[in-house]
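Letters go in sequence order (proteins before strands), and every chain restarts at 1.
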2 protein chains.
Amino acid sequence: MASQRTEGDRHRPATGKSSCECVADHPLTEDQLAADVQTLAAAGSETRYEALRLIAGAESGVCVCELEPALGVSQGAVSQALSRLYAAGLVRRRKEGRWRYYTVTPRAERLLAVMDETRALDDE
Amino acid sequence: MASQRTEGDRHRPATGKSSCECVADHPLTEDQLAADVQTLAAAGSETRYEALRLIAGAESGVCVCELEPALGVSQGAVSQALSRLYAAGLVRRRKEGRWRYYTVTPRAERLLAVMDETRALDDE
DNA sequence: TGCTAATATTAGAACACGCTAATATAATTG
DNA sequence: CAATTATATTAGCGTGTTCTAATATTAGCA
């Protein structure tokens with residue numbers, strides 16, 4: 001019904017009020033939405049996505065110094081990338097002696113799995 | 001093994017060559033990786049993610065003018081957001097008379113489903 | 001044919017991002 | 001303890017992003 005347009009249904013100019021009276025409001029809270037966006041944005045960068053893939057592919061954790069040559073950016077950049085992935089809940093850290101090992105979270109695993117599974121779905 | 005560190009295993013300074021000899025190389029092609037990043041980055045913005053949610057929540061397509069008040073940005077911005085989602089393979093367009101209806105692709109549906117399903121996985 | 005409505009496109013401004021280089025912190029080793 | 005190694009943090013720079021406002025395009029209608 002919301003998408004049914006009749007004669008009298010005109011284009012409302014943007015009034016600035018985003019009260020959404022025309023489409024079914026999504027059942028997500030502000031916080032959930034923001035968290036999702038943070039997660040997706042964290043994964044949505046070449047360096048970070050590649051890092052995530054490398055971490056997911058390793059058996060028992062990867063440390064920063066191993067990622068540096070693989071990603072081809074500076075140590076600082078790797079650290080920043082991992083911090084961002086951590087903040088987004090996509091990786092976990094484990095400190096062991098002088099090193100810090102990173103592993104992926106279940107959420108990241110599921111996300112990567114979906115990316116793999118739906119790649120073939122060549123938007124028909 | 002790659003993550004096993006012994007005495008002689010030193011930190012190699014970044015030589016600029018990113019040939020990745022230390023971690024198992026991920027089985028993704030350059031193109032697949034770039035496409036995934038584009039998809040995730042497209043979804044990873046407040047405006048676009050909210051648009052995606054609204055489109056996914058509607059039964060049979062949403063048009064731009066319906067999204068404008070809901071998203072609270074200008075018409076041009078909505079159009080740009082939808083174009084980006086389209087380029088990323090997350091939505092489909094259908095032209096009908098004067099309007100253009102947007103629907104989500106199976107890939108987007110799966111992606112949103114995973115975000116919902118894994119939200120509870122409060123990184124244990 | 002003009003007129004209006006829906007959407008797309010463009011230019012430009014404000015801001016965010018991602019990198020490097022340098023420096024700081026923390027843990028290990030001699 | 002000093003020296004070294006792994007990682008984190010910070011400043012700053014170039015670039016990309018995302019918005020608005022204005023304009024262009026396209027389709028229906030009088």
Measure from NZ on Lys95(B) to P on dT25(D) and round the result to the nearest Å. 13 Å
Got a sec? Which of residues 37-47 of chain A come in under 4.0 Å of DNA chain C, heavy atoms? Ser45(A), Thr47(A)
Figure out the CZ/P separation between Arg93(A) and dA6(D), and round it to whole Å. 18 Å
Measure distances between side-chain N and O atoms of Gln75(A) and base N and O atoms of dA6(D), and say whether any donor-acceptor pair falls under 3.5 Å. no
Whole-Å distance between dT7(C) C1' and Arg94(B) CZ? 16 Å
For Glu68(B) and dC19(D), what is the distance between atoms CD and P respectively, to the nearest whole Å? 12 Å
Under 3.5 Å donor-acceptor, Thr103(B) side chain and Gly61(B) backbone: no
May I ask you to say whether Arg107(B) pairs ionically with Asp36(B), meaning some side-chain N is under 4.0 Å from a carboxylate O? yes
Does Ala77(B) or Ala77(A) map to a spot on DNA chain C nearer the 5' end, using the closest nucleotide for each? Ala77(B)
Backbone N or O of Thr29(A) within a donor-acceptor pair of the Gln32(A) side chain at under 3.5 Å? yes
Would you mind telling me which of dC19(D), dA6(D), dT9(D) lies closest to the side-chain atoms of Trp99(A)? dA6(D)
Pairs under 3.5 angstrom, nitrogen or oxygen only, protein versus nucleotides 10-17 of chain D, please.
residue: dT10(D); atom: O4; partner: Gln80(A); partner atom: NE2; Å: 2.8

Round to the nearest Å and state the distance from Tyr86(B) atom OH to dT9(C) atom P. 11 Å
Arg119(B) and Glu117(B) ion-paired at < 4.0 Å: no
Atom CG of Leu67(A) and atom C1' of dG18(C): how far apart are they, to the nearest Å? 17 Å
Arg100(B) side chain: which of dT9(D), dT7(C), dT20(C) is closest? dT7(C)
Geometric cation-pi criterion, Arg93(A) with Tyr86(A): 6.0 Å, 45°: yes
Atom CD of Glu96(A) and atom C1' of dT7(D) are separated, to the nearest Å, by 15 Å
For the pair made of CD in Glu66(A) and P in dT5(D), what is the distance, rounded to whole Å? 17 Å
Quick check: does any side chain N or O of Glu50(A) sit under 3.5 Å from a backbone N or O of Thr47(A), one acting as donor and the other as acceptor? no
Does any N or O in the side chain of Glu66(B) come within less than 3.5 Å of the main-chain N or O of Cys63(B), such that one atom is a donor and the other an acceptor? yes
With a 3.5 Å distance limit and no angle check, can you tell me whether Arg48(A) reaches the backbone of Ala42(A) through a side-chain donor-acceptor pair? yes
Counting only side-chain heavy atoms from C-beta out, which of dC19(D), dA8(C), dC29(D) sits nearest to Arg98(B)? dC29(D)
Are any side-chain N or O atoms of Ser79(B) and backbone N or O atoms of Gln75(B), one a donor and one an acceptor, separated by less than 3.5 Å? no
Does Tyr102(A) place a side-chain N or O at less than 4.0 Å from the phosphate oxygens OP1/OP2 of dA6(D)? no
